[in-house]
Amino acid sequence: MIKVTNLGGKEFFINPDMIEKIEARPDTTIILNNGHIYVVKESVEEIIQEIIEFRSKIFSLGFKRGD
């Protein structure tokens, strides 16, 4: 899960596997594949970096376990 912040300042988590697309409209808008739309404070680049870090953690945990 990645942490994002809505425009009111509330932090919440999104499953990056559910993200269909991310747009800058000028506010960053995350559209999930179930149709839900979230407008967040983070930039598109910040969200992409969060996804990369999340996936890196997942893959490194799998290799450490020896699966």
Side-chain angles (χ1 to χ4, degrees):
M1 303 288 271
I2 61 167
K3 182 169 52 172
V4 293
T5 311
N6 70 16
L7 297 181
K10 182 178 178 185
E11 293 179 338
F12 62 101
F13 293 85
I14 291 180
N15 180 346
D17 295 330
M18 296 290 292
I19 296 175
E20 182 175 327
K21 64 181 170 177
I22 306 168
E23 299 178 349
R25 304 182 169 184
D27 292 322
T28 303
T29 304
I30 301 172
I31 302 165
L32 303 183
N33 57 19
N34 63 6
H36 292 152
I37 298 172
Y38 298 97
V39 180
V40 299
K41 289 184 176 182
E42 291 79 10
S43 69
V44 172
E45 293 79 14
E46 289 172 311
I47 294 170
I48 291 170
Q49 186 60 42
E50 286 287 325
I51 293 169
I52 291 168
E53 290 173 15
F54 170 77
R55 296 205 189 285
S56 295
K57 288 177 188 175
I58 297 298
F59 289 123
S60 69
L61 287 175
F63 289 120
K64 287 180 183 175
R65 290 185 18 219
D67 293 341

*Partners passing ring-ring contact (aromatic ring centres under 6.0 Å, His included) against Phe54 (at least two apart in sequence or in another chain)*: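 Counting only residues at least two positions away or on another chain, Phe54 forms no ring-ring contact (aromatic ring centres under 6.0 Å, His included).
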_Tell me which one of Glu46, Glu11, Glu42, Lys41 satisfies side-chain contact (heavy atoms from CB on, under 4.5 Å) with Val4._
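The single option meeting the side-chain contact (heavy atoms from CB on, under 4.5 Å) with Val4 is Glu42.
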*Among Asp17, Ile14, Asn15, which one satisfies side-chain contact (heavy atoms from CB on, under 4.5 Å) with Met1?*
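When side-chain contact (heavy atoms from CB on, under 4.5 Å) is applied between Met1 and each of Asp17, Ile14, Asn15, only Asn15 qualifies.
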State plainly whether one hydrophobic cluster holds both [X] and [Y], where clusters connect Ile, Leu, Val, Met, Phe, Trp and Tyr through side-chain heavy atoms under 4.5 angstrom apart.
| X | Y | value |
| --- | --- | --- |
| Ile47 | Phe12 | yes |
| Val40 | Ile51 | yes |
| Ile19 | Ile52 | yes |
| Tyr38 | Phe13 | no |
| Val39 | Ile2 | no |

*asked:* Measuring only between side-chain heavy atoms, which start at C-beta, is Glu50 closer than 4.5 Å to Pro16?
replied: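 Side-chain contact under 4.5 Å: no.
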*Would you find more than 12 non-hydrogen atoms of other residues, nucleotides or ligands less than 6.0 Å from Lys3 atom NZ?*
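No, not enclosed.
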Rounded at 0.5 Å granularity, tell me how far [atom1] in [X] sits from [atom2] in [Y].
| X | Y | atom1 | atom2 | answer |
| --- | --- | --- | --- | --- |
| Asn33 | Ile31 | CG | CD1 | 11.5 Å |
| Arg25 | Ile37 | CZ | CD1 | 6.0 Å |
| Ser60 | Arg55 | OG | CZ | 13.5 Å |

*Any sub-3.5 Å donor-acceptor pair from Glu23's side-chain atoms to Ile30's backbone N or O?*
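Checked: no pair found.
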*For Glu45, all residues meeting side chain to side chain contact (heavy atoms under 4.5 Å, CB included), sequence neighbours excluded*: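 With sequence neighbours excluded, Glu45 shows a side chain to side chain contact (heavy atoms under 4.5 Å, CB included) to Ser43, given in chain and number order.
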_Any residue meeting side chain to side chain contact (heavy atoms under 4.5 Å, CB included) with Val44, in chain and number order, not counting sequence neighbours_ =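 Expected list: Ile22, Ala24, Thr28, Ile48.
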